[in-house]
Number of protein chains: 4
Amino acid sequence: MIKVGIVGGTGYTGVELLRLLSRHPDVELKAVTSRKEAGMKVSEMFPSLRGHVEIAFSSPEDAKLTECDVVFFATPHGVAMAQARELLDAGVKVIDLAADFRLKDPVEFEKWYAMAHSCTDLLAEAVYGLPEVNRAAIQNARLIGMAGCYPTSVQLGLLPLIENGLQLIETSGIIADCKSGVSGAGRKAEVGTLFAESSDNFKAYAVKGHRHSPEIMQGLSAIHGAPVELTFVPHLTPMIRGIHSTIYARLTDAGKAADVQKLFEDRFAAEPFVDVMPAGSCPETRSVRGSNTARIAVHRPGNGDLLVILVVEDNLVKGASGQSVQVMNLMFGLPEQHGLDVVPLLP
Amino acid sequence: MIKVGIVGGTGYTGVELLRLLSRHPDVELKAVTSRKEAGMKVSEMFPSLRGHVEIAFSSPEDAKLTECDVVFFATPHGVAMAQARELLDAGVKVIDLAADFRLKDPVEFEKWYAMAHSCTDLLAEAVYGLPEVNRAAIQNARLIGMAGCYPTSVQLGLLPLIENGLQLIETSGIIADCKSGVSGAGRKAEVGTLFAESSDNFKAYAVKGHRHSPEIMQGLSAIHGAPVELTFVPHLTPMIRGIHSTIYARLTDAGKAADVQKLFEDRFAAEPFVDVMPAGSCPETRSVRGSNTARIAVHRPGNGDLLVILVVEDNLVKGASGQSVQVMNLMFGLPEQHGLDVVPLLP
Amino acid sequence: MIKVGIVGGTGYTGVELLRLLSRHPDVELKAVTSRKEAGMKVSEMFPSLRGHVEIAFSSPEDAKLTECDVVFFATPHGVAMAQARELLDAGVKVIDLAADFRLKDPVEFEKWYAMAHSCTDLLAEAVYGLPEVNRAAIQNARLIGMAGCYPTSVQLGLLPLIENGLQLIETSGIIADCKSGVSGAGRKAEVGTLFAESSDNFKAYAVKGHRHSPEIMQGLSAIHGAPVELTFVPHLTPMIRGIHSTIYARLTDAGKAADVQKLFEDRFAAEPFVDVMPAGSCPETRSVRGSNTARIAVHRPGNGDLLVILVVEDNLVKGASGQSVQVMNLMFGLPEQHGLDVVPLLP
Amino acid sequence: MIKVGIVGGTGYTGVELLRLLSRHPDVELKAVTSRKEAGMKVSEMFPSLRGHVEIAFSSPEDAKLTECDVVFFATPHGVAMAQARELLDAGVKVIDLAADFRLKDPVEFEKWYAMAHSCTDLLAEAVYGLPEVNRAAIQNARLIGMAGCYPTSVQLGLLPLIENGLQLIETSGIIADCKSGVSGAGRKAEVGTLFAESSDNFKAYAVKGHRHSPEIMQGLSAIHGAPVELTFVPHLTPMIRGIHSTIYARLTDAGKAADVQKLFEDRFAAEPFVDVMPAGSCPETRSVRGSNTARIAVHRPGNGDLLVILVVEDNLVKGASGQSVQVMNLMFGLPEQHGLDVVPLLP
């Protein structure tokens with residue numbers, strides 16, 4: 001059994017990790033930390049876990065995280081980079097669900113997250129946690145910076161078109177018009193995500209620039225092996241879970257000649273958590289609610305040169321906690337689906 | 001034109017007052033205070049008011065409230081009682097939408113609101129702002145403690161059965177099972193009313209005892225002229241606006257002999273904001289969305305001795321701001337409907 | 001492996017059965033019928049099942065249901081009673097999720113469901129599918145009429161207080177004020193349950209009388225061994241899943257003397273799917289979303305003689321499909337939790 | 001007083017017309033037709049109109065529509081074109097909220113609406129009901145084909161950039177990623193728009209081609225005086241009302257040199273129902289809920305060559321019924337705001 005610790009168990013990625021890990025056949029949950037709630041049973045805060053998770057929150061001091069095999073950080077940005085070295089030095093693998101180890105350039109990190117990076121050597125070592133792109137590297141990593149929720153969906157949607165220098169679309173001028181459920185904003189008390197503010201309402205936000213924009217472009221450029229340029233516009237939609245990315249890209253002549261549907265089907269045929277829908281489909285976010293699957297459909301309206309790619313995922317699962325369990329499975333040589341074999345909840 | 005000031009314009013009762021007063025034909029809006037947002041245009045915080053409300057928030061010091069004819073307090077509990085005397089002394093009428101002047105007994109007030117009452121003489125003078133019960137007293141008042149949202153619905157639903165010593169129902173053992181939309185919790189940043197917490201969810205709260213319980217019993221007892229005892233259980237329902245009260249009362253022999261439907265219709269025939277639905281109806285909260293109307297239906301399942309009274313209102317209008325405008329109209333001798341002639345928004 | 005057939009797989013109880021049975025370790029899904037959709041892959045209609053359910057809908061004629069070990073009817077009322085005999089005669093166990101085998105009195109059935117009962121002998125044989133009450137009888141049954149969604153919650157909430165002649169509450173005058181999510185109305189195209197009609201809205205319905213009322217009273221009377229009388233008022237609340245029942249009962253002197261919290265805890269201690277919450281709790285419907293658990297809390301406001309019992313369940317799981325899988329497990333001697341070990345989805 | 005008839009009063013555009021016209025100072029409501037509901041009081045179907053609309057539905061035969069000054073068609077496509085000639089011949093002005101008089105080319109109409117056009121001469125005469133573009137023509141028209149909901153938002157968002165041959169953006173390759181609330185699908189009983197299907201869910205639809213696509217391109221081309229080409233992708237979002245259009249266009253060199261914010265502000269300064277937000281804003285759909293205002297914000301991320309235009313409107317008001325009242329006001333020489341001076345409902 002893998003001994004698992006979770007730092008920061010009171011947010012949505014934390015409770016989602018607990019939901020998944022509590023049923024994972026190879027995992028023993030050793031500690032869930034929360035300085036503020038230390039001593040409170042986890043299931044008192046989240047009654048959905050009654051009968052499934054019996055432990056209480058620990059203070060970070062009492063948690064004995066160095067005795068774990070792996071520690072997940074389901075924390076605000078900045079926490080993991082302060083604690084990772086001690087854990088790694090003790091032989092513990094580290095999976096950060098926040099952004100500390102996503103952006104490879106510390107200058108970019110500081111620009112977007114308003115804090116200096118405190119361990120740039122670890123940043124250089126960290127592997128980007130997107131299994132469909134980095135499976136081998138993940139298997140050998142001891143430190144993972146998990147892909148963000150929006151970036152996961154956008155990168156999966158473009159991957160088959162640009163990987164390894166492929167030029168099926170123009171790699172500048174791409175547009176990602178993304179819509180997220182409100183849980184993406186986290187479990188912080190804020191006016192803007194109150195029910196009475198965000199229900200029965202729709203808006204764009206961060207049009208000027210969003211932290212996930214550099215992450216997406218870094219990821220796509222790494223996939224392509226050359227710069228990829230994209231405009232990313234996120235929107236808030238009144239649902240709890242789910243991201244729907246509508247991606248617009250111009251086909252090159254090579255792209256126009258290609259069978260894009262088949263390209264996607266072939267590329268993801270062996271992927272356990274990417275489902276390419278039949279031609280003409282429009283995937284719904286609810287079709288992946290609670291599961292680690294991303295579903296993709298590809299359209300070419302009017303048979304023109306514009307490709308429209310639709311990607312749905314559960315932002316808390318494939319966009320965060322589920323994907324981090326998938327990554328853990330890879331790091332420990334387990335079957336990739338362990339703990340993730342959940343049927344989506346519909347309706 | 002009546003010169004109006006609003007203390008505390010950043011919450012839901014504040015913005016709702018602004019929506020209604022901005023169209024009121026007899027009102028001039030002089031000041032909206034917010035210490036925190038002083039200087040910001042009101043319509044910057046609430047873009048729905050662009051083109052309708054042009055003023056900015058003032059600090060309390062700059063607001064010159066003593067030059068107003070009437071000041072509304074759309075503030076947390078405790079603010080109005082600290083400022084009412086100065087305004088009254090300056091000849092300004094005061095309408096408090098919070099609870100400072102609701103409970104007549106200062107001991108009860110302190111018990112439920114965890115603060116001592118600072119002006120018990122004014123408390124004694126204050127009139128309870130429920131026009132269907134207290135119209136004449138309101139017309140002559142200079143200080144009003146507006147009825148709460150739940151209490152308005154429950155009192156209207158029981159009024160015809162018990163007023164003036166009427167004994168059509170047993171006046172103990174009444175049950176009010178009430179359901180409120182989330183805006184009833186206000187515009188405070190709190191985890192429990194986040195979209196991701198309160199959407200797609202239903203729960204009871206404060207079953208042990210809720211502040212509106214003593215207010216309802218005080219009101220019903222005043223209406224009846226003798227003690228009335230009731231159990232009140234509030235629930236949170238995933239909608240923005242609306243209260244639905246389901247009230248259960250045992251008919252006395254006199255009640256069983258009465259034509260209760262006709263009793264309700266007659267009692268409210270002249271009331272501009274109470275609509276008795278045809279027999280057999282089930283009113284929907286959306287049928288009053290945005291309007292100052294309460295709709296009531298009366299049922300007697302199986303022709304037994306249990307009366308089931310259904311009352312719907314918009315908690316922010318008839319349950320708060322709209323009713324306070326109705327009260328203002330009465331205090332200034334205006335037609336009761338001025339500023340309140342809004343058709344509910346359906347769908 | 002148990003060979004399972006499902007009649008009527010296109011509604012919500014059908015898709016929910018498929019979600020649960022597709023992960024059930026002892027079940028082989030043989031056929032899902034739909035006359036209208038015969039030939040269509042089940043996962044084409046419900047993309048959430050892609051990768052989990054591979055079969056297509058069959059016409060009833062092609063389904064070879066008599067070769068199954070058990071057949072679930074997830075159909076409108078009236079279908080199961082037309083087909084049950086042939087299946088039973090072939091040695092197939094039958095579990096009806098509709099109402100054909102709930103009401104023991106055919107006259108009552110005809111009154112509430114507007115059709116004559118076509119096999120009253122089977123009705124007499126049928127066991128009422130509520131495991132916490134009828135476990136032994138279910139284990140030996142070949143025909144089950146599953147408990148309805150509201151009736152499950154209300155009976156579980158009152159069970160410890162009245163079973164076997166216990167007189168801890170007055171058994172007349174009980175009130176069940178119940179609130180259901182919209183999925184309870186099924187997957188029929190109807191104006192009243194459109195999003196634009198039922199979102200941001202709350203209403204009571206069927207106050208005059210609801211089909212579940214006689215079922216609840218029949219069940220409670222059987223539990224008690226004497227007549228129990230209750231008023232049941234259902235409400236529609238804007239959420240997909242979940243029932244919240246708020247039950248009001250008067251304590252007898254014996255009840256006032258009892259430790260009701262302990263009574264509930266003891267009664268349900270061994271029940272795998274009933275969770276008694278700590279004293280003072282208010283269970284939320286989302287705490288059981290997607291799971292077969294019912295959670296119960298008991299309150300006695302002001303230490304008076306009124307008991308307030310709060311029960312939450314997922315109407316599609318414990319209120320329908322999940323409970324029918326629990327019943328199937330009992331009928332086939334399997335561990336009761338098989339296929340039902342799902343952690344609720346929160347948020 | 002203008003005598004008004006409404007054909008088809010049972011859908012959402014019908015009830016919305018009734019909400020607005022019931023408060024219109026210059027309108028007398030003569031008839032609302034519904035063959036199916038003839039004789040039923042309008043307020044019985046829509047209790048929100050109790051006290052505001054007193055008439056009953058009439059059969060088309062009894063409605064005496066030829067005695068009206070103007071008749072609105074709030075009907076399915078195909079109804080207006082069958083009845084318009086008789087009304088026009090009787091001197092009645094006709095405003096069609098459906099699509100019968102939108103597309104100028106009868107071949108296009110037949111292609112997208114699957115019916116032949118029955119009065120192509122009237123089609124040639126009909127004026128497209130988008131006041132910001134066609135005010136003068138509307139003032140002199142007797143037959144209006146109202147702009148669709150999506151087309152209104154997209155055309156307003158692009159108008160200042162392309163009108164009269166202006167070349168501030170490239171007029172091919174424009175992308176309109178639009179999101180609509182569920183009321184846009186109408187008040188028909190359909191599975192796809194049930195609460196339990198469309199709540200907590202997000203999806204694109206009609207990506208292959210939507211009826212509003214040719215309408216938008218026809219409108220933009222007319223505005224520009226030359227062909228404009230656009231890809232339109234609609235999405236369904238779980239809210240009742242509101243459209244949010246996110247429009248992407250490439251700036252030309254002239255466009256890059258222009259002050260686009262000022263251009264928009266100047267263009268719409270005199271428009272009573274178009275509000276250009278301050279630079280950097282992200283308009284929310286709720287900021288126009290229930291009102292006839294469209295709000296627009298213009299962004300140029302990273303000061304690049306991509307312009308992102310955000311437009312919000314209430315699909316039932318500016319996108320349908322409100323705009324048709326605005327058009328009626330123009331046709332009868334009334335102040336454009338009459339009957340439309342509603343403050344949006346927020347929250």
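Labels below follow one simple rule: chain letters A, B, ... track the order of the sequence lines, proteins then strands, and each chain is numbered from 1. Note that the structure is a prediction, hence the values are computed from the model and not measured.
- When the candidates A/Asp341, A/Leu18, A/Leu49, A/Val342 are compared by the number of heavy-atom contacts under 4.5 Å with chain C, A/Asp341 comes out ahead.
- Contact between C/Val343 and A/Ser22 at its shortest, heavy atoms only, is CG2-OG, 3.6 Å.
- At a 4.5 Å heavy-atom cutoff, C/Leu20 makes no contact with chain A through either its backbone or its side chain.
- Closest approach of A/Val15 and C/Pro347 over heavy atoms only: CG1-CD, 4.2 Å.
- Looking only at side-chain heavy atoms (C-beta outward), C/Pro278 and A/Glu44 stay at 4.5 Å or farther from each other.
- Looking at every heavy atom in both residues, A/Leu346 comes nearest to C/Ser48 through CB-OG, 3.6 Å.
- There is no contact between C/Glu284 and chain A, counting heavy-atom distances below 4.5 Å.
- Each of A/Met277, A/Arg50, A/Arg19, A/Arg23 has some count of heavy-atom pairs under 4.5 Å with chain C, and the biggest count is that of A/Arg50.
- Residues of residues 184-199 of chain C lying within less than 4.5 angstrom of chain A, judged on heavy atoms, are absent.
- A/Pro47 approaches C/Arg295 most closely through the heavy-atom pair O-NH2, 3.0 Å.
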